[in-house]
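To keep things clear, I will list the structure first and then write my remarks on it.
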Amino acid sequence: METSRERKQEYYYRKLSEYDELVTEINQLSRELGNETLLTHLRLYKEQKDQIEDIMSYFDRVGMQPEKNSAESILSLGLLELHKSLMNIKGTRR
């Protein structure tokens, strides 16, 4: 006999699969149209979710504009800063 939790877990994994298929389909359509947008299959674990929530809390305290205080904005900012650092290292080591 299947429990309610098991049914919900099964539903969860089915939805994740549908999400992955949708992201793949959207990215393929984007490539065909020549769009520069790419969606990722990003999964945040508890530690990463907590880190983003800490950053969002800090941004709230310092008055960051709400539209710049989303998980997507924070991840984009983090990627930008990592890229800058790597390019700086790359340029230094030539």
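These values consider heavy atoms only, across backbone and side chains, with no hydrogens, waters or symmetry-generated copies. Numbers for residues simply follow the sequence, beginning at 1.
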>> Under the criterion salt bridge (charged side-chain N to carboxylate O under 4.0 Å, His left out), I'd like the reasoning laid out for Arg43 against Asp20: C-alpha separation, chi angles, the key distance, then a yes or no.
In response: CA-CA 11 Å; Arg43 304 275 196 285; Asp20 288 340; 2.9 Å; yes
> Should Leu80 and Leu82 be marked as a side-chain contact (heavy atoms from CB on, under 4.5 Å) after you check the CA-CA gap, both sets of side-chain angles, and the distance that decides it?
Replying inline: CA-CA 6 Å; Leu80 175 67; Leu82 176 60; over 6 Å; no
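Within a 6.0 Å radius of CD in Glu36, no more than 12 heavy atoms belonging to other residues, nucleotides or ligands are found. Around atom CD of Glu32, more than 12 heavy atoms belonging to other residues, nucleotides or ligands sit under 6.0 Å away. Within a 6.0 Å sphere centred on OH of Tyr58, other residues, nucleotides and ligands contribute 12 heavy atoms or fewer. More than 12 heavy atoms of other residues, nucleotides or ligands sit less than 6.0 Å from atom NE2 of His41. Other residues, nucleotides and ligands place no more than 12 heavy atoms under 6.0 Å from the CZ atom of Arg5.
Here the OH-OH distance, from Tyr12 to Tyr19, works out to 11.0 Å after rounding to the nearest 0.5 Å. Taken from CD1 in Ile74 to CD1 in Ile52, the straight-line distance is 6.0 Å, to the nearest 0.5 Å. Taken from CD1 in Ile26 to CG in Leu33, the straight-line distance is 12.0 Å, to the nearest 0.5 Å. For the atom pair CD of Glu25 and OG of Ser30, the computed distance is 12.5 Å after rounding to the nearest 0.5 Å. Between the CE atom in Met64 and the CG atom in Asp60 there is a gap of 10.0 Å [rounded to 0.5 Å]. Expressed to the nearest 0.5 Å, how far CG of Asp50 lies from CD of Gln48 amounts to 10.0 Å.
Distance alone, capped at 3.5 Å, is enough to place a donor-acceptor pair between the Asn27 side chain and the Leu39 backbone. A donor-acceptor contact shorter than 3.5 Å is absent between the side chain of Asn69 and the backbone of Phe59.
Closest approach of Glu2 to Glu6, counting heavy atoms only: CA-OE1, 3.2 Å. Considering all non-hydrogen atoms of both residues, Thr40 and Val23 come closest at O-CG1, 4.1 Å.
For residues 70-86, the salt bridge (charged side-chain N to carboxylate O under 4.0 Å, His left out) pairs, not counting sequence neighbours, are Glu81-Lys84.
Comment: Lys15 engages Glu18 in a salt bridge, judged by a side-chain N to carboxylate O separation of less than 4.0 angstrom.
Checking Ser73 against Ser76 by side-chain atom types alone, no donor-acceptor pair falls below 3.5 Å.
Contacts of Arg61 classified as side-chain hydrogen bond (donor to acceptor under 3.5 Å, both in side chains), with partners at least two apart in sequence or in another chain: Ser57. Glu53 meets the side-chain hydrogen bond (donor to acceptor under 3.5 Å, both in side chains) test with Lys49; sequence neighbours excluded.
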